[in-house]
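The structure appears right after this line, and notes come after that.
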Amino acid sequence: MEAEANSGSPEDSWAFIQRPGEGCRTVPLAGHVGFDSLPDQLVNKSVSQGFCFNILCVGETGLGKSTLMDTLFNTKFEGEPATHTQPGVQLRSNTYDLQESNVGLKLTIVSTVGFGDQINKEDSYKPIMEFIDAQFEAYLQEELKIRRVLHTYHDSRIHACLYFIAPTGHSLKSLDLVTMKKLDSKVNIIPIIAKSDAISKSELTKFKIKITSELVSNGVQIYQFPTDDESVAEINGTMNAHLPFAVIGSTEELKIGNKMMKARQYPWGTVQVENEAHCDFVKLREMLIRINMEDLREQTHSRHYELYRRCKLEEMGFKDTDPDSKPFSLQETYEAKRNEFLGELQKKEEEMRQMFVQRVKEKEAELKEAEKELHEKFDRLKKLHQDEKKKLEDKKKSLDDEVNAFKQRKTAAELLQSQGSQAGGSQTLKRDKEKKN
């Protein structure tokens, strides 16, 4: 049977081996093989490589974004407090290497400095969108390289966006709605009510309902904790009903009873950060870090990045199917794009050649016209010169005639004068003789 399969063409052999139309069969094993250790191998490899997680904190200045990050990861991240005098929204990214037990985490925290501080907030979301797209583009460029090093590449794509909502107790600001609407197709948005101890319990409950209603009515898609995994379906389903989380952040530890706990001290009492009766900080930490961190990473890659990648490749002309909805290979797409590009190149080359010829003809016509004008000008100047020369010659002749006439008159005058002086001299001699006699 195998010999018959291999005797035909490669296509026939491949079709035989694949057995189209037949499903996979389940066969029992006679003994232990060992591939049940694959999960352990995967875990060991992942632990040795380490993990990365990138959080984007979006919210107005002064809502406690830095404090909440310090509280979430139980450390003190370096950072300068932002002012309210920023001319525009700037994104500040800081990466930290964290270690818990034998697991390493490369954590990147991106904060939006100056968000909501400008008088004109119309374009406040644009720098955030551009930053997210820039991280997608960097990953796509790395993915498209001939020699890829994705296993060592620092993935800077945003995995979770914590959107900090001001505890007004009324409704979402238009800036919040517009920004979340623009970002919901690019990042996993988890809305949280910052500094939730600023409003009462009843106001907080109404505020949560109002926020949820506004998000739904405006079509804002926030991240929903997955419920397809039975091990976490119940808790995730419960936590989805608690969104948005009302949180409080504090790195200050106070002694409550016999324990030191993170809390905020007020004149009227103490608010415990990790007390679920006081705020939802524990719920946020459980959902974000302990239960759904890997799902956030997976959703970023399989949903948001894939959407960006697909749109980008479609812009470049790559498609999965031809106009007849038949499968279209990458090679065929490349050849089609190459032929299209060569055709456009030839067309542009021909247009440029024709344009060059036209320009040369126009330039030749201009030069001929200029040459004609120069000849006409030369002829005019030559004629003018000849006329002037003739006038000068005539004038010179006239002056020569006058000089000759003057010389003749002068000669005649001198002759007359000499004759007169001779006549006068003879008369004088005659008188002298007469006197002597």
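We number each residue from 1, following the sequence as shown.
- Nearest heavy-atom pair, V89 versus S124, reported as atom, atom and distance to 0.1 Å: CG2-O, 3.8 Å.
- When atom types are taken as modelled, the side chain of T205 and the backbone of K201 share a donor-acceptor pair closer than 3.5 angstrom.
- When all heavy atoms of I248 and L68 are compared, the closest pair comes out as O-CD1, 4.3 Å.
- Within the 3.5 Å criterion, the main-chain N or O of S250 finds no donor-acceptor partner in the side chain of T67.
- Within 6.0 Å of CD in Q386 there are more than 12 heavy atoms belonging to other residues, nucleotides or ligands.
- Rounded to the nearest 0.5 angstrom, N188 CG and H304 NE2 are separated by 3.5 Å.
- Within the 4.5 Å cutoff, no side-chain heavy atoms of F164 are placed close to those of V58.
- I128 places a side-chain heavy atom less than 4.5 Å from the side chain of L91.
- The shortest non-hydrogen separation linking L140 to Y305 is CA-OH, 3.4 Å.
- Checked against ring pair (Phe, Tyr, Trp, His ring centres under 6.0 Å), F356 has no partners two or more places apart in sequence or in another chain.
- The environment of CE in M260 is crowded: more than 12 heavy-atom neighbours from other residues, nucleotides or ligands sit within 6.0 Å.
- The heavy-atom pair separating P191 from L215 by the smallest distance is CG-CD1, 4.4 Å.
- Under the 4.5 Å side-chain criterion, counting only non-hydrogen atoms from C-beta, D40 is not in contact with L38.
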Worked verdict on D197 versus H278 for side chain to side chain donor-acceptor pair (under 3.5 Å):
CA-CA 8 Å; D197 54 341; H278 293 180; over 6 Å; no
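- The salt bridge (Lys or Arg N to Asp or Glu O under 4.0 Å) search around D97 returns K106, not counting sequence neighbours.
- We find the CD1-OG distance between I132 and S185 to be 9.0 Å, quoted to the nearest 0.5 Å.
- With sequence neighbours excluded, the residues that form a ring pair (Phe, Tyr, Trp, His ring centres under 6.0 Å) with Y308 are F136.
- Distance alone, capped at 3.5 Å, is enough to place a donor-acceptor pair between the S48 side chain and the N44 backbone.
- Identified under the salt bridge (charged side-chain N to carboxylate O under 4.0 Å, His left out) test for residues 52-62, with sequence neighbours left out: E60-K173.
- In the model, Q354 has no side-chain atom that pairs as donor or acceptor with a side-chain atom of Q358 under 3.5 Å.
- Note: H242 NE2 to F225 CZ = 11.0 Å, rounded to the nearest 0.5 Å.
- Applying the side chain to side chain donor-acceptor pair (under 3.5 Å) test to every pair with at least one member in residues 157-171, sequence neighbours left out, gives these pairs: D155-R157, R157-H301, Y163-D176.
- In this structure, the side chains of I55 and L162 come closer than 4.5 Å at one or more pairs of heavy atoms.
- For E298 and R303, the salt-bridge test fails: no basic side-chain N is under 4.0 Å from an acidic carboxylate O.
- A 4.5 Å side-chain heavy-atom check between R290 and R285 finds at least one atom pair inside the cut-off.
- The 12-atom threshold is exceeded at NZ of K283, counting heavy atoms of other residues, nucleotides or ligands nearer than 6.0 Å.
- Once rounded to the nearest 0.5 Å, the distance linking CD of E294 with CG of L296 reads 9.5 Å.
- Side-chain contact of T75 with D70: a donor-acceptor pair under 3.5 Å is absent, judged by distance alone.
- Residues satisfying the salt bridge (Lys or Arg N to Asp or Glu O under 4.0 Å) criterion with K181, sequence neighbours excluded, are absent altogether.
- The side-chain heavy atoms of I193 and L204, taken from C-beta on, include a pair separated by under 4.5 Å.
- Under 3.5 Å, the side chains of S200 and E203 contain a donor-acceptor pair of N or O atoms.
- Checked for salt-bridge contact, E350 and R353 meet the test: a charged N lies under 4.0 Å from a carboxylate O.
- With sequence neighbours excluded, no residue forms a salt bridge (Lys or Arg N to Asp or Glu O under 4.0 Å) with K195.
- Scored by the salt bridge (Lys or Arg N to Asp or Glu O under 4.0 Å) test, K121 finds no partners at all (sequence neighbours excluded).
- Sequence neighbours left out, the pairs with a member in residues 85-131 that pass ring-ring contact (aromatic ring centres under 6.0 Å, His included) are F77-Y96.
- Between the side chain of R264 and the backbone N or O of G249 there is at least one donor-acceptor pair closer than 3.5 Å.
- Residue-environment remark: CD (E351) exceeds the threshold of 12 foreign heavy atoms within 6.0 Å.
- Between D394 and K397 no salt bridge is recorded (no basic side-chain N to carboxylate O distance below 4.0 Å).
- Listed by chain and number, the residues in a side-chain contact (heavy atoms from CB on, under 4.5 Å) with E142 are K145, V149, L150, Y153 (sequence neighbours excluded).
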Compile the donor-acceptor pairs under 3.5 Å between side chains in residues 107-114 and protein atoms, sequence neighbours left out, one pair per line.
from	atom 1	to	atom 2	distance (Å)
T108	OG1	N54	OD1	3.2
T108	OG1	T95	OG1	3.0
T112	OG1	C57	O	3.2

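- The closest side-chain donor-acceptor pair between S37 and Q41 falls under 3.5 angstrom.
- Listed by first and then second residue, the side chain to side chain donor-acceptor pair (under 3.5 Å) pairs involving residues 213-240 are Y223-D295, D229-S231, N236-N292 (not counting sequence neighbours).
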